[in-house]
2 protein chains.
Amino acid sequence: MQTSRDEAIRKLIKVFRTYGYEGTTLSLISKMTGLGKASLYHHFPKGKQEMAEAVLVHLYQMFGEIVLKPLQEDTLPRDRLRGMCEGLNQFYDRGQAACLIAVFSLGGEESMFREPVKRALQEWVECLEKILLEAGCDRAKQRAEEAVMQVQGGLIVTQVLGDTLPFEKMLAELPEKLLEGSQKDSIMVS
Amino acid sequence: MQTSRDEAIRKLIKVFRTYGYEGTTLSLISKMTGLGKASLYHHFPKGKQEMAEAVLVHLYQMFGEIVLKPLQEDTLPRDRLRGMCEGLNQFYDRGQAACLIAVFSLGGEESMFREPVKRALQEWVECLEKILLEAGCDRAKQRAEEAVMQVQGGLIVTQVLGDTLPFEKMLAELPEKLLEGSQKDSIMVS
DNA sequence: TTTAATTTACCGAACGTTCGGTACAATGTC
DNA sequence: GACATTGTACCGAACGTTCGGTAAATTAAA
């Protein structure tokens, strides 16, 4: 049955996000999913690595749906950015859920997730850059990168401090800040 | 004294920064330091945990010296912030070196480094906030938190993309951006 | 000042445990 | 009966840690 695997993946997401790849053990997975080793290896024959890959794919699709999709809508750039920020707040559970891009970036050169993680990050930056160019922003790529930095760092700060407020505040102001000084969407300070 | 404890710590820093706590094995440590396992236990009787703690303490002191100290100088707020950014660029090797605050934030509640890491982050935010208040900034705490987010996220982006440029650009603009709209240190846009 | 005693720094081998992974029989479901 | 799913027992490898012991430096006693 397909549900079982998808259901397992949904639970696996939390484990890998919380403990990282090396910190996630099979017994931990077994405990958190309620599945025995045999069941896990039935659904993921290649073992732990396949589980992590499945989680990565699942989150990648979710990210596209929840965060990137609002950027493709046919509305004002500012509204699209707001849509993305709402998506980010949901996707990262108000900053409480770690980003696998950050978590799986550990391990130096020999990490097996470097490339897909890098591509995902680049895609995000490019999507943002496109909107900012469209809105007439200068240094669009730099702005896009800095927005991604802000979000990634926001996740860390949130988790370390155990407070979701800074993350949500930051997200709320991100669209305005990104468009600051843009030509087609200028802000008049009262 | 052939290999001092401090010398070992200096080499341990890179290992823990690169591989995280769980990803750092004793054999890896042994290889990177050139010390046998028993020698490591001679310098750090409590083992891996003590090594990580020693690294944490060492980096904490270094951070205070290189990053926080410039904030206490007797100059203009903007110059102090510039000093901090120079310190950050050095401390994080242009964004190539991970921050243990982020790396050791993994592991959920049961992580043994949560508290010291949290305190270090709070101290950083408070130092920044003080400067921003002094400079007459509104929402000083929020600005301070967002600056820390920017730096933390910048490290992740740098390491994932393998490009130090975005991090250095971000640092270069951080002081101006932080003081934007402040009363005592306003910026005249030409 | 020689020498004996102690401490310091270091090592590889081995410990018990847990790791990720496998084999296979037993169960459930159609 | 066929096939997906699971529980149990088990594997070699790697984990963090401890062991017994060596070589050299330091200290103490003669």
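These numbers come from a predicted model, not from an experiment. Here is the naming used below: chain letters follow the sequence lines, and residue numbers restart at 1 for every chain.
For F113(B), the ring pair (Phe, Tyr, Trp, His ring centres under 6.0 Å) partners two or more places apart in sequence, or in a different chain, are Y21(B), F104(B). A search for side chain to side chain contact (heavy atoms under 4.5 Å, CB included) contacts involving T164(A) returns R94(A), Q96(A), T158(A), E168(A), not counting sequence neighbours. Partners of F63(A) according to the ring pair (Phe, Tyr, Trp, His ring centres under 6.0 Å) rule, which considers only residues two or more places apart in sequence or in another chain, are F91(A), W124(A). Evaluation of the side chain to side chain donor-acceptor pair (under 3.5 Å) rule for Q142(A) yields E146(A), E173(B) as partners, not counting sequence neighbours. The ring pair (Phe, Tyr, Trp, His ring centres under 6.0 Å) check on Y41(B) picks up nothing, with sequence neighbours excluded.
G34(A) comes within 4.0 angstrom of nothing in the nucleic acid, heavy atoms only.
Under 4.0 angstrom from either OP1 or OP2 of dC10(C) there lies no side-chain N or O belonging to S39(B). For H42(A) and dT6(D), the shortest distance from a side-chain N or O to OP1 or OP2 is not below 4.0 Å.
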Restricting both atoms to N or O, compile the protein contacts to nucleotides 16-21 of chain D shorter than 3.5 Å, with distance only.
residue	atom	partner	partner atom	Å
dG16(D)	OP1	T24(B)	O	3.2
dG16(D)	OP1	K48(B)	NZ	3.0
dG16(D)	OP2	L26(B)	N	2.7
dT17(D)	OP2	Y41(B)	OH	2.2
dT17(D)	OP2	K48(B)	N	3.0
dT17(D)	O5'	Y41(B)	OH	2.6

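The NE2 atom of H43(A) sits 12 Å away from the P atom of dA4(D) (whole-angstrom rounding). For L35(A) and dG7(D), the CG to P distance is 8 Å, given to the nearest whole Å.
Judged by distance alone, with hydrogens and angles left aside, the side-chain atoms of R80(A) form no donor-acceptor pair with the main-chain N or O of P70(A) at under 3.5 Å.
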